[in-house]
Protein chains: 2
Amino acid sequence: MGRATLQTIADRVGVSRATASNAFSRPDQLSASLRATILAAAEELGYTGPDPTARMLARGTTGAVGVLLPESLRHAFTDEVLTAFLGAVADALAPTGLALTLLPPSGAGDAAPARDVPMDGALVCSCEPGSPPVDRLVRRGIPLVLVDQPAAADAAVVHVDDRQGARRAAQHLLDLGHRSVGVLTVGVDDGPRLLTPARAKDAVTGHVARERLRGWLDVLRPAGVRMTVAGQSRAYEDASPAARLLLDVEDPPTAVLCFSDAMAADLVRTAGQLGIRIPTDLSVVGFDDSPLARRLQPALTTVRQDVDAKGRAAAAALQSAIEQSRAGRPGPVPQVVLPAELVVRGTTTPPARSA
Amino acid sequence: MGRATLQTIADRVGVSRATASNAFSRPDQLSASLRATILAAAEELGYTGPDPTARMLARGTTGAVGVLLPESLRHAFTDEVLTAFLGAVADALAPTGLALTLLPPSGAGDAAPARDVPMDGALVCSCEPGSPPVDRLVRRGIPLVLVDQPAAADAAVVHVDDRQGARRAAQHLLDLGHRSVGVLTVGVDDGPRLLTPARAKDAVTGHVARERLRGWLDVLRPAGVRMTVAGQSRAYEDASPAARLLLDVEDPPTAVLCFSDAMAADLVRTAGQLGIRIPTDLSVVGFDDSPLARRLQPALTTVRQDVDAKGRAAAAALQSAIEQSRAGRPGPVPQVVLPAELVVRGTTTPPARSA
DNA sequence: GGTGAGTTCTCAACCGGTACAGAAGCCATC
DNA sequence: GATGGCTTCTGTACCGGTTGAGAACTCACC
């Protein structure tokens, strides 16, 4: 005989299956004594409570929310910024008892369609809108919260004002007097290479990368600053090669704007290898204000985003989206935009006179 | 009308529900032309494929594995060692397309019984065996892999030889000539306080903490070394108060063995505040060899565990456990024990003569 | 024309619960 | 003694698929 089910217990005690179910799920629907009898029988038969899957099907609710990530699952545990964000989400979701299901991005292209996992709602983190996995979720009609993505019709959006943050970073360099600025970005699919500022906007993929780049250009181009743009494919790749493209040249820029603190750290290291002193010879600005920024020597000037607040906002938006969907009414879709502030530390100074 | 189901489509096309199901799940069971017709009808009706929940129930397989964590979910994203471990697990599991469900520890005591989530198997990470959530999983008969826990009857176990690693660390101090050694541990529930070495073994909870403590004692007690033990409750708490108990005394030890690199870092900082120079006045040994160990100045002597290997081993064990359970045969339960090696860096030297 | 092997599709029994609409019994009330 | 309102339990129709056992049909071959 197989595993015990509600029916097994009902037969054993001599009650209906509905009553057995109630003993577990709606204690107020039967007398305490009968309930005790049923629970005892269950214990004896090795029954460990209603099968979660069957309950999910019958109730239409799963008790878990999904998190769709842009790249490999590993990414969720290695990227300091993403990690902090997910931690905040987990924290905010803790009181609800919801489990967090990390969805593997369906393999490259559309191969390995990543088995569908049931969930009450999902967080979509900086994925390309319209990509197959996102599209599946949208079409499944699951309550969604888009994080770090352009606004969409039906889903709540939480993101940081990356463009404004980037503008502030660029303005800071401008104010210091820099007239030759390098840019280190991601989202350039064909390996580390240099781009012309004019072409860069189109060559870069990824919402966040595009927004930051736009912000920099907003300020630097009208000011007539000389710009060099180096791009690499992924954020988690070592940025040294791209940094070299920027710095190991005849007439290197006097300052560099980086897509992330991690890339800024790589650039700082590369500069050191090339005998370029920071900030004397080169000013560097990071992005995110991750813990790394303060560990650097000197501490990194960067653009702070409040990852914790982003996580809390995303969790809250997801909860309310789920609630609304459960209630049947479409409700308004919130749009949360968080500020990005410049944090001036030790890696930026006016350019050396010689330049 | 509600959402489209297989029946809706079957009716529309004029075939049986089974055939509609086959169009999605067993393409070889029907003619290509009919399949195309069905798929077209599905598209038109806005059907996005079989409901994952219903499929799970019918097939008895979920496509997700659970991860049960010792403390809050947030913990999974803040602890550098745990994070690296989970990253490795995620990586190793990637080819299978399995999703990773992070299970919230059921609230303190047994309140908030953390809704049951269906899963094909689970990783139980350094949880107390016999605790309610673990017990539930065991009784549910789910394939389990215990990580950093004592061996159990029915489940595979993956852990590091913490005791041996701890012995090596202690021996290292002994070889250097230290005769007065402090110990900084976790698992002491009633706040930061000093323990007598004799009582420590019983006062400490948590398998890993106990093993490491045992390893230290194995070496230090027979050698007649003078020992001071300071313990705090949780690994993620600031270790400065406990460090102070150890160092801010009349005759502080000449070396300290720490439960983790993070705690070692706190201790190093505290020592600095007290005017104790490292390693001149005080030798420090960490544990784990997390990235932090190399960031410290001077770099931390520590005990390396290969977290990556641990993750891979856990993932492999879980996969085979699931496979075996699926096949019905109980099969052998693997026991993987990974080595822990001493890494000598800059925080350990012979004790100053004056002592 | 009968036989056996393939293909293509249908039947109906699951998978293991949930929840709503009563039915039965009991007690108080008018 | 009929009425009404509880509480407690049962019947049954879902939830939305999957799957093995056939039925019907086609085709090749002797």
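Lettering of chains follows the sequences in order, A, B, ..., and the numbering in each one begins at 1. From a predicted model like this one, the values you see are computed outputs, not experimental measurements.
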- Message: Please report the distance, rounded to the nearest Å, between CE in Met56(B) and P in dC15(D).
- Response: 18 Å
- Does Thr19(A) place a side-chain N or O at less than 4.0 Å from the phosphate oxygens OP1/OP2 of dT10(D)? yes
- Message: Pairing donors with acceptors under 3.5 angstrom, does anything connect the side chains of Thr61(B) and Arg326(B)?
- Response: yes
- Item | Between P of dT18(C) and CG of Asp116(B), the distance in whole Å | 12 Å
- Task: Kindly assign one of parallel, tilted or perpendicular to the pair Phe77(A) and Phe77(B), based on the angle between their ring planes and the thresholds 30° and 60°.
- Result: parallel
- Message: Distance check needed: dC9(D) P versus Ile9(A) CD1, whole Å only.
- Response: 16 Å
- NZ/NE/NH1/NH2 to OD/OE distance under 4.0 Å, Asp116(A) and Arg136(A): yes
- Look at Ser16(B) and dT10(C) and indicate whether a side-chain polar atom (N or O) is within less than 4.0 Å of OP1 or OP2. yes
- Using atom CZ of Arg26(A) as one end and atom C1' of dC20(C) as the other, report the distance to the nearest whole Å. 8 Å
- Note on the structure: Walking DNA chain C from its 5' end, the first of Ser31(B) and Ala54(B) to be reached, judged by nearest nucleotide, is Ser31(B)
- What's the CZ-P distance between Phe24(A) and dG17(C), to the nearest Å? 9 Å
- Message: If I take atom CZ in residue Arg59(A) and atom P in nucleotide dC15(C), what distance separates them, rounded to the nearest angstrom?
- Response: 21 Å
- Specify the residue among Arg17(A) and Asn22(A) whose closest nucleotide of DNA chain D lies further upstream toward the 5′ end. Asn22(A)
- Task: May I ask you to say what Gln29(A) touches in the nucleic acid, namely base, sugar-phosphate or nothing, with a heavy-atom cut-off under 4.0 Å?
- Result: base
- Residue pair Arg139(A) / Thr48(B), side-chain heavy-atom distance below 4.5 Å: yes
- Walking DNA chain C from its 5' end, the first of Tyr47(A) and Leu34(B) to be reached, judged by nearest nucleotide, is Leu34(B)
- Measure from CG on Leu6(A) to C1' on dT18(C) and round the result to the nearest Å. 10 Å
- Task: Rounded off to whole Å, could you give me the CZ-to-P distance for the Arg35(A) and dT7(D) pair?
- Result: 17 Å
- Message: By nearest atom, which of the nucleotides dT19(D), dT18(D), dT18(C) is closest to the Arg55(A) side chain?
- Response: dT18(C)
- Does the distance from a Lys or Arg side-chain N to an Asp or Glu carboxylate O, for Asp308(B) and Arg74(A), drop under 4.0 Å? yes
- Query: Between dT10(D), dT18(C), dG16(C), which one does the side chain of Asp51(A) approach most closely?
  - Reply: dG16(C)
- Message: Taking 4.0 Å as the cut-off, does a side-chain nitrogen or oxygen of Ser25(B) come that near to OP1 or OP2 on dT18(D)?
- Response: yes
- Query: Heavy atoms under 4.0 Å, any strand shown: does Leu57(A) hit a base, just sugar-phosphate, or nothing?
  - Reply: base
- Query: So, is Arg3(B) close to the dC15(D) phosphate, meaning a side-chain N or O under 4.0 Å from OP1 or OP2?
  - Reply: no
